[in-house]
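The structure appears below as structure tokens.
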Amino acid sequence: MLGRSWILLLLILPWTFLLGRGGLGTPGFALADDVDVAEGEDEEEIQVESEPETTPETEDSVIPTGEETEEEEEAQLKPSPDADTFFLFTKPSRATLELPAGRDVQFLVGFTNKGEKEFVLETMDASFRYSMDFSFYIQNFTTLSYNRPVKPKQQVTLYYSFYTSESFSARPFGLTVNLLYRDVDGNQYLDAVFNETVSIIEIDEGLDGETFFLYLFLAAFGVLLLVGGQHFLATYLVWKPMQKPKIEMGTQNANDVDYDWLPKNTLNELNKSPRRSPRLRKLKRGTGSGED
């Protein structure tokens, strides 16, 4: 009996404890609800903070750079139908698409006003561009300002020049020359008077510094070879001219004999007696011995 009563008591006490707490206004359940609500508010706050700030600009909007704006302006502006232009290279003088490296390039641009409105030629510029893509700039040259008015039915010629660097030699480039002008109403026009591919070449001059020193070196080398050859011949190959043997012919002319060393008495006797050559004396002696 005591064992069963302890078992029942153990089963009843937990239930009474739970029912007693629920009868006090169920603070446990209320606290649980408050915790859930607080956790939900924290989650909402975290979500709001993690959202990025929105801007009126779209994500795909890009701020255009200076080059892009220039390209857009060039693409928008077109030449006027009431104007004609022509292009002419003056240096080099020949009509060619080959420009010399390290030299000045000069050309003329003619403008003819065919309309009834006056035009004002504002600026002209030139640039080297990549030959495969003319939108890629290699070098920009000076932009010249003219502000030259052109009345209807008139023609004006403009002058422009630029310098080609030697580092651009043996390479093709796209040469673009743009003429910017406007009419009296303020409408802007742009005409690409020249827009073709040119080649930068090296000019072969008659005699440059390298060629001069090359010729000078070859001349000095030739002189050195001549001097060395002469010294070799004089040292190792001694050349002596062949001399004919000398033959004693005797005294054929008596006048060639020098008698100054003889005493005067002897000279007087020789002068008195007839002179005979040694040969005649020998012959006379020979004949006399035969007769004897």
Side-chain angles (χ1 to χ4, degrees), residues 64-79 83-112 121-148 150 155-181 188-225:
T65 59
E67 294 182 357
E68 293 178 356
T69 55
E70 290 179 0
E71 293 179 359
E72 290 178 358
E73 290 179 358
E74 292 180 2
Q76 293 175 0
L77 298 178
K78 296 181 180 180
D84 281 341
T85 57
F86 67 88
F87 184 90
L88 177 64
F89 278 112
T90 58
K91 187 178 180 181
S93 58
R94 59 183 183 276
T96 180
L97 297 179
E98 295 180 348
L99 303 181
R103 299 291 182 86
D104 289 330
V105 177
Q106 302 174 2
F107 58 83
L108 299 176
V109 175
F111 182 88
T112 304
L121 307 182
E122 294 183 345
T123 61
M124 185 165 59
D125 63 89
S127 61
F128 276 152
R129 307 193 181 189
Y130 184 51
S131 59
M132 302 300 293
D133 185 6
F134 274 51
S135 62
F136 184 77
Y137 287 76
I138 301 296
Q139 182 181 5
N140 287 324
F141 298 104
T142 304
T143 300
L144 297 181
S145 179
Y146 298 97
N147 295 323
R148 181 74 177 273
V150 183
Q155 184 178 9
V156 174
T157 302
L158 303 178
Y159 170 81
Y160 190 95
S161 66
F162 62 90
Y163 179 80
T164 58
S165 176
E166 295 181 355
S167 60
F168 291 160
S169 60
R171 295 171 59 188
F173 293 97
L175 176 60
T176 302
V177 180
N178 294 322
L179 176 63
L180 181 66
Y181 58 96
Q188 294 284 342
Y189 300 97
L190 183 67
D191 189 358
V193 294
F194 189 86
N195 192 25
E196 297 183 20
T197 301
V198 296
S199 298
I200 310 300
I201 60 174
E202 294 183 358
I203 301 299
D204 295 332
E205 298 180 347
L207 182 64
D208 55 356
E210 295 181 358
T211 307
F212 173 76
F213 284 108
L214 178 61
Y215 289 155
L216 184 62
F217 173 76
L218 292 177
F221 184 73
V223 172
L224 183 63
L225 287 179

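Worth knowing before you read on, the calculation uses all heavy atoms, side chains too, and leaves out hydrogens, waters and symmetry mates.
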Given F162 and T142, is the side chain to side chain contact (heavy atoms under 4.5 Å, CB included) satisfied, shown in steps? CA-CA 8 Å; F162 62 90; T142 304; over 6 Å; no

Is the F173 ring parallel, tilted or perpendicular to the F168 ring (thresholds 30°, 60°)? tilted

Distance from F134 atom CZ to L175 atom CG, nearest 0.5 Å? 8.5 Å

I need the minimum non-hydrogen distance between S131 and T197, along with the two atoms involved. CB-CG2, 4.2 Å

When the aromatic ring centroids of F87 and Y160 are compared, is their separation below 6.0 Å? no

Any side-chain heavy-atom pair from L121 and V150 closer than 4.5 angstrom? yes

D104 CG to L99 CG distance, which is reported to the nearest 0.5 Å: 11.5 Å

Roughly how far, to the nearest 0.5 Å, is the CZ atom of F107 from the NZ atom of K91? 14.0 Å

Could you walk me through whether L77 and L180 pass the side chain to side chain contact (heavy atoms under 4.5 Å, CB included) check? CA-CA 9 Å; L77 298 178; L180 181 66; 4.0 Å; yes

In Å and rounded to the nearest 0.5 Å, what is the CG to CG distance from N195 to N178? 7.5 Å

Can you tell me how far CG of L108 sits from OG of S161, rounded to the nearest 0.5 angstrom? 10.5 Å

How many angstroms lie between atom CE of M124 and atom OH of Y159, to the nearest 0.5 angstrom? 10.5 Å

Can you name the closest pair of heavy atoms from T164 and A101 and give their distance? OG1-CA, 3.7 Å

Walk me through it: do F111 and Y146 pass the test side chain to side chain contact (heavy atoms under 4.5 Å, CB included)? CA-CA 13 Å; F111 182 88; Y146 298 97; over 6 Å; no

